[in-house]
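The structure under discussion appears below in the form of structure tokens.
Each residue takes its place number in the sequence, starting with 1.
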Amino acid sequence: MIVREIDKRGYKNKWVAEQVGIKEVTFSLKLKKDRFTATELVRIGILFDLDLNVFKECSVNEVSE
């Protein structure tokens, strides 16, 4: 979901990583492994102006698949 939002908005991983406060390499690894902290998800949600329940819905849908 985060990758989709980045692509949709035309952002670069480096820029998003800087806004979230982590290194680009770390951000890329977290994208691949889907291993963001709650704080990072909140920062990403604010950056993309997303309702934080979107993250919860995505994780619930992934578990049921």
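- The distance from the NZ atom of Lys23 to the CG atom of Leu29 is 12.0 Å, given to the nearest 0.5 Å.
- Remark: Glu5 pairs with Lys8, Arg9 by the salt bridge (charged side-chain N to carboxylate O under 4.0 Å, His left out) rule, at least two apart or across chains.
- Separation of atoms CZ (Phe48) and CD (Gln19) is listed at 10.0 Å; rounding is to 0.5 Å.
- Taking CD1 of Ile44 as the start and CG of Asp49 as the end, the distance is 14.0 Å to the nearest 0.5 Å.
- Under a hydrophobic-cluster definition in which Ile, Leu, Val, Met, Phe, Trp and Tyr are linked whenever side-chain heavy atoms come within less than 4.5 Å, directly or via other members, Val16 and Val25 are assigned to different clusters.
- Rounding to the nearest 0.5 angstrom, the gap separating the CD atom in Glu24 from the CD atom in Glu18 is 8.0 Å.
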| Between Trp15 and Val20, does a side-chain contact (heavy atoms from CB on, under 4.5 Å) hold up when you go through it step by step? | CA-CA 9 Å; Trp15 183 82; Val20 175; over 6 Å; no
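- Every residue two or more places apart in sequence or in another chain that forms a side chain to side chain contact (heavy atoms under 4.5 Å, CB included) with Leu31 is listed here: Ile2, Val3, Ile6, Asn13, Phe27, Phe36.
- For the residue pair Glu40 and Lys30, the shortest heavy atom distance occurs at OE1-NZ, 2.9 Å.
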